[in-house]
Q: 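To start, I am sharing the structure in question, which I have written as structure tokens.
Below, each value reflects all heavy atoms present in this structure, side chains not excepted, and no hydrogens, waters or symmetry copies.
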Amino acid sequence: MNANPSLLQRKYTRITTLIASRLHISLAEALNQFMLSKTYDLIRKGVADMHCLSDAYLAEEIILENSPQNIQNIPLTLSLHEEESH
């Protein structure tokens, strides 16, 4: 099910505000974290009706997704061996 675009925009604003408040960062930094998250992508695509989940829950998911221990596990570049196979 797809949500009304206007309602989604309001939800995005509330989630971004929660992220900024919980992490004590600027709204711009919170928006950046939100827009680059996998969670935002799932909400935007309407996967599993993620937009129906609470703002607080979604904000927490994004905070956890961007936590240092999760970021450490993301390779920044491909190794030389992986680049040759592409």
Side-chain angles (χ1 to χ4, degrees):
M1 178 171 118
N2 290 328
N4 178 300
S6 295
L7 295 177
L8 272 181
Q9 290 300 318
R10 291 180 185 166
K11 186 166 196 76
Y12 297 160
T13 300
R14 292 189 306 269
I15 293 169
T16 301
T17 302
L18 283 169
I19 293 169
S21 175
R22 296 191 99 207
L23 296 178
H24 306 287
I25 59 176
S26 71
L27 284 172
E29 291 171 306
L31 182 61
N32 189 48
Q33 283 195 17
F34 176 68
M35 299 296 287
L36 296 175
S37 72
K38 292 178 186 175
T39 302
Y40 165 70
D41 197 42
L42 293 173
I43 298 167
R44 187 178 57 80
K45 290 178 180 175
V47 173
D49 289 339
M50 296 276 295
H51 63 278
C52 294
L53 298 172
S54 75
D55 300 341
Y57 176 83
L58 292 169
E60 189 63 31
E61 281 298 306
I62 293 165
I63 290 167
L64 290 173
E65 184 180 326
N66 292 321
S67 68
Q69 58 268 33
N70 287 335
I71 292 172
Q72 289 174 2
N73 295 327
I74 300 171
L76 296 178
T77 59
L78 295 173
S79 69
L80 183 58
H81 178 69
E82 289 174 314
E83 288 177 359
E84 291 172 356
S85 65
H86 290 315

Q: Look at atom CZ of R10 and say whether more than 12 heavy atoms of other residues, nucleotides or ligands are closer to it than 6.0 Å.
A: no
Q: CG/L27 to CG/N32 distance, rounded to the nearest 0.5 angstrom?
A: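 Here the interatomic distance stands at 12.5 Å.
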Q: Does any N or O in the side chain of T17 come within less than 3.5 Å of the main-chain N or O of T13, such that one atom is a donor and the other an acceptor?
A: yes
Q: What's the shortest heavy-atom distance between A30 and I19, and which atoms?
A: CB-CG2, 3.8 Å
Q: Strictly distance-based, threshold 3.5 Å: is any side-chain N or O of S21 a donor or acceptor partner for the main-chain N or O of L18?
A: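 Checking the backbone N and O of L18 against the side chain of S21, no donor-acceptor pair under 3.5 Å is found.
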Q: Under the salt bridge (Lys or Arg N to Asp or Glu O under 4.0 Å) test, which residues partner R44, sequence neighbours left out?
A: D41
Q: Counting distance only, does the side-chain N/O of N66 pair as donor-acceptor with the main-chain N or O of I62 below 3.5 Å?
A: yes
Q: Can you tell me how far the CD1 atom of I43 sits from the NE2 atom of H51, to the nearest 0.5 Å?
A: 9.5 Å
Q: Between E65 and T39 (side chain of the first, backbone of the second, donor and acceptor by atom type, cut-off under 3.5 Å), is there such a pair?
A: yes
Q: Measure the spacing between CG of L8 and NZ of K11 and express it to the nearest 0.5 Å.
A: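 With rounding to 0.5 Å, CG (L8) is 8.5 Å from NZ (K11).
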Q: Considering residues at least two apart in sequence or located in another chain, which fulfil the salt bridge (Lys or Arg N to Asp or Glu O under 4.0 Å) criterion with E29?
A: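 With sequence neighbours excluded, E29 shows a salt bridge (Lys or Arg N to Asp or Glu O under 4.0 Å) to no residue whatsoever.
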Q: If every non-hydrogen atom of A20 is compared with every non-hydrogen atom of S26, which pair is closest and at what distance?
A: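 Residues A20 and S26, closest heavy atoms: CB-O, 4.0 Å.
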Q: Check the orientation of Y40 and Y12. Use parallel for under 30°, tilted for 30 to 60°, and perpendicular for over 60°.
A: perpendicular
Q: Listed by chain and number, what are the side-chain hydrogen bond (donor to acceptor under 3.5 Å, both in side chains) partners of T16, not counting sequence neighbours?
A: none
Q: Does L36 share a hydrophobic cluster with I15, counting links as ILVMFWY side-chain heavy atoms below 4.5 Å and allowing steps through other members?
A: no
